[in-house]
Asks: 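Next up is a structure, given as structure tokens.
We number each residue from 1, following the sequence as shown. Counting starts at 1 for both ligands and their atoms, following the listed order.
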Amino acid sequence: MQYTPTIGLEIHAELKTRTKMFCDSRNDPDEREPNVHICPVCLAHPGTLPVINKEAVHHVLRVGAAVRGVIADYTEFDRKNYFYPDIPKGYQISQYTYPLVSNGELAGVALTRIHLEEDTARSSHLPTHAGDRKSGTTRIDYNRAGIPLMELVTEPVVTSAEQAGRFARELQLLLRTLGASDANMEKGEMRVEANISISKDKTFGTKVEVKNINSFRAVERAIQYEVARQIEVLESGGEIVQETRGWDEAKQRTFSQRIKEGSADYRYFPDPDLPKLMLSDIPEFREDALIASLPELPWEKRERYQSIYGLDSESAEMLVRDRRYSEVFEESVRELGDKNEIAQIVANYLTSDVAGLENAGKGELENSTSSFSELMKMVIEGEISSRGAKDILAKLLIGGGSARAIAEAEGLFQESDEGALSAIIDEVITENQAVVDEYTGGKESALQFLIGQGMKKSKGSANPALLQKLFKEKLQ
Ligand code: ADP
Ligand code: MG
């Protein structure tokens, strides 16, 4: 009998706001200097009072509207009590009974809730070195303390590591599309925790929570590892302990961190320093206003690219994943006409040529944006060959400039002057009479040879489509 994995995800994302969740200190995730964006409120000095950041609430509610969740009418903030040096108040302000959003669905996964809380400070534990006075100590940077943090919890309905990875990627894309978070996992702006259990029947097994996952790849690897570990424990007659485990990236395995505390240990209670919120009383927080504020969502864009432009799902995905690509794609298609073949050519140049050059570290699309559609126009109208277009693209991505000027300077324009080509064709015909006879005798493929000779004579500058047309006319 096979074991089925059951996975529920808890994902935190740092929100992009001007200031922190409950005070005026700046929310600057790129600050390198420790402890500069701090104030008496986020340092928890006695007598200070928190004030709710409306921008942060708005971000979470828009995410809620995008996943078609239920937007709370009434909501409040709670204190989650525990001690740790990264949490100066001795509690974290979070939400317990009344999250901002309930239900909803993303990437086919049912959501439980989305709530808002504050981030903790960042601790760095210095390794122990004999003879070094500072070694083995911990340093704390409170710049991060109090940054608005969204927490999204899914139902235990994910059944594979791949599905969990797909979900996390889709959430990242949604957060970026909404401008709610940059959601870089490597920077800790988005953090995934996976709850994992296995079972042979429809009952739930004991779950283990895995933390410290720093990339999408690690989400998948950690779940695969943990499922295999749990199977091994059960198969050898052992029991799964409900615990929190960490993901060790170097060793590619999970390890036990602590036995999980239950929610009773946190003594949640409504924060008496903060007002209760009646969200429906605030015009921009009403569901219709939130929905009206949404941009085109990733899944809508995917659908549009496939149904309107006939793109295959892989190209559509690449464009949707990278806003720079989709913007350039749409601009070019708008200028060149939105016929499917044009859209496909533009998409191909972006997803194979531009992506290939960028991945190899050879320039950036940004450098070429002003003349990318000019280049596409030259390709589509047959002014340059696809080989020539690739050469121009490589130059544009590094140094920018005008596609037309580069084609001129490099002699990449195809000869489209019928008079000039006609002379070449006459020469080819006289020099290859035997092949010409084959063609006129019915051997269609002989034409390719003649076109090849014409290209050679023009030193590659002839427009092959035009050569073909002229050969056909002359040999009628
Ligand atoms: P806790 O109180 O231990 O934090 P929750 O009920 O809040 O547990 O659930 C936390 C996460 O664990 C959710 O994402 C949920 O989907 C997931 N989860 C709950 N039960 C299981 C299970 N048996 N196996 C895997 N994940 C589970
Ligand atoms: Mg929980």
Asks: Considering the options Thr112, Asn195, Thr154, which one meets the side chain to side chain donor-acceptor pair (under 3.5 Å) requirement together with Glu10?
Replies: Asn195
Asks: Check for a donor-acceptor pair, side chain of Thr75 on one end and backbone N or O of Ala72 on the other, with a separation under 3.5 Å.
Replies: no
Asks: Kindly confirm or rule out a cation-pi arrangement of Lys80 over Tyr268, judged by NZ or CZ under 6.0 Å from the six-membered ring centre and within 45° of its axis?
Replies: no
Asks: What atoms of ligand 1 come within less than 4.0 Å of a heavy atom belonging to Leu9?
Replies: 14 (O)
Asks: Does Val153, backbone or side chain, put an N or O under 3.5 Å from an N or O of ligand 1?
Replies: no
Asks: Judging by distance only, is a nitrogen or oxygen of Glu10 under 3.5 angstrom from one on ligand 1?
Replies: no
Asks: Would you kindly say whether Thr17 and Glu55 are connected by a side-chain donor-acceptor distance under 3.5 Å?
Replies: no
Asks: Find the distance between CZ (Phe329) and CG (Leu350) and round it off to the nearest 0.5 Å.
Replies: 8.0 Å
Asks: Under 4.0 angstrom from ligand 1, any heavy atom of Gly205?
Replies: yes
Asks: What's the shortest heavy-atom distance between Pro156 and Phe204, and which atoms?
Replies: CG-CZ, 3.9 Å
Asks: Specify side chain, backbone, both or neither for Glu155, according to which of its non-hydrogen atoms lie closer than 4.0 Å to ligand 1.
Replies: backbone
Asks: Just jot down the ligand 1 atoms closer than 4.0 angstrom to any heavy atom of Phe204, in number order.
Replies: 23 (N)
Asks: With a sphere of 6.0 Å drawn around NZ of Lys362, does it hold more than 12 non-hydrogen atoms of other residues, nucleotides or ligands?
Replies: no
Asks: Which of the atoms in ligand 1, numbered in the order shown and given with their element, are less than 4.0 Å from a heavy-atom of Gly8?
Replies: 14 (O), 16 (O), 17 (C), 26 (N)
Asks: Considering the heavy atoms of Thr6, write down every atom of ligand 1 situated less than 4.0 Å from one of them.
Replies: 24 (N), 25 (C)
Asks: Which is closest to atom 12 (O) of ligand 1 in terms of heavy atoms, Asn195, Ile7, Thr206?
Replies: Asn195
